[in-house]
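Quick notes on the structure that follows.
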Protein chains: 2
Amino acid sequence: MKNNIRVQRAIKNITQAELADLIQVSRQTINTIESGKYVPSTVLALKMARVFDKPVEEIFELEDGD
Amino acid sequence: MKNNIRVQRAIKNITQAELADLIQVSRQTINTIESGKYVPSTVLALKMARVFDKPVEEIFELEDGD
DNA sequence: ACTAAATGTAAAGTATTTTTGATATAAATG
DNA sequence: CATTTATATCAAAAATACTTTACATTTAGT
C-alpha cells in the first residue's frame, strides 16, 4: 500500500495536524500512515478521500506485496 | 460504515468463500465484514473494489457515527 | 543565527481487525 | 427427505491500528 497523502496535503495546503483534526485522529496517526508505517482502516481512507475530494483509489494504491 | 458486499457478490454471483479466496482472506473475515461487525483495512477495501470493478466509495459508505 | 511551526520517532498502552477451528443454521439440489 | 453447499456465529489468539505523551529533527521565515 502506498499513498500520496503528502501530495494531497500540499494541494490543499494543510498540515498533518490540520488533517488529523479534520478526520478526528491523532497527528501521529497521520504521520505514520503518510510515511507508510501502517495501513489505515477504510473509515479513515474514506474520510481522507472526502477531505481531499478525490476517490480513495487516487490516494491509496495497492502494491505487489498486498 | 455500511457496505453492500452482499449485493456486489450477487451481481458477480460468487460465494463468500470465493471472494475470500480472491482477496486472500478467510471466509469468516468476509462474513464478518459483510455483516458489518467490523471495518476492514484499506487494503481489503481496495481489493474488493478491484474484484467488483467498482470504486471503494460505491461499496463502502460512511455513516453518521464514523 | 534565532525562532516558531511542522514533521519524525519512540515507547507503552488500548482498541480493533483478522485468523483459525469448530459448530450451527439455512438454503439449494437431487 | 437427505445431502450438499452456503452462511452465520463463537471463542480465543495473533496481528495490526490507533492514542497519548514526550522529545528530536527539520524547515521556513525574519
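Both backbone and side-chain heavy atoms feed into the values below; hydrogens, waters and symmetry mates do not.
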Any donor-acceptor pair, under 3.5 Å, between the side chain of B:R27 and the base of C:dG21, if you only look at N and O atoms?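 Per atom types, no contact qualifies.
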What integer distance in Å separates [X]:[atom1] from [N]:[atom2]?
{"X": "A:L19", "N": "C:dA6", "atom1": "CG", "atom2": "C1'", "result": "14 Å"}
{"X": "A:I33", "N": "C:dT9", "atom1": "CD1", "atom2": "P", "result": "15 Å"}
{"X": "A:L44", "N": "D:dT19", "atom1": "CG", "atom2": "C1'", "result": "12 Å"}
{"X": "B:I30", "N": "C:dT19", "atom1": "CD1", "atom2": "P", "result": "8 Å"}
{"X": "A:Q24", "N": "D:dT20", "atom1": "CD", "atom2": "P", "result": "12 Å"}
{"X": "B:D21", "N": "D:dA6", "atom1": "CG", "atom2": "P", "result": "12 Å"}
{"X": "A:D66", "N": "D:dA15", "atom1": "CG", "atom2": "C1'", "result": "16 Å"}
{"X": "A:E18", "N": "C:dT7", "atom1": "CD", "atom2": "C1'", "result": "13 Å"}

Considering all heavy atoms of both residues, which atom of A:P40 and which atom of B:T42 are nearest to each other, and what is their separation?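 Minimum heavy-atom contact is O-OG1, 2.8 Å.
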Determine: side-chain N/O of [X] to OP1/OP2 of [N], distance under 4.0 Å, yes or no.
{"X": "B:R6", "N": "D:dA8", "result": "yes"}
{"X": "A:S35", "N": "C:dG8", "result": "no"}
{"X": "A:N31", "N": "C:dT7", "result": "no"}
{"X": "A:K37", "N": "D:dA17", "result": "no"}

Expected output: side-chain [X] to main-chain [Y] donor-acceptor under 3.5 Å:
{"X": "B:N31", "Y": "B:Q16", "value": "no"}
{"X": "A:D66", "Y": "B:V43", "value": "no"}
{"X": "B:E57", "Y": "A:V56", "value": "yes"}

Which part of the nucleic acid does B:S26 contact within heavy-atom distance under 4.0 Å: base, sugar-phosphate only, or nothing?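 Base contact.
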Once you apply a heavy-atom cut-off of 4.0 Å, does A:T15 come out as touching a base, just sugar-phosphate, or nothing? sugar-phosphate
Contact between B:I14 and B:L22 at the side-chain level, heavy atoms closer than 4.5 Å - yes or no? yes
Where the side chain of A:P40 is defined as all heavy atoms beyond and including C-beta, which of C:dG8, D:dC18, C:dT19 is the nearest nucleotide? D:dC18
Kindly point out which of D:dA17, C:dT9, C:dT17 is positioned nearest to the side chain of A:Y38?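 Closest nucleotide to the A:Y38 side chain: D:dA17.
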Contact nearer the 5' end of DNA chain D, comparing B:S41 with B:Q28: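 That would be B:Q28.
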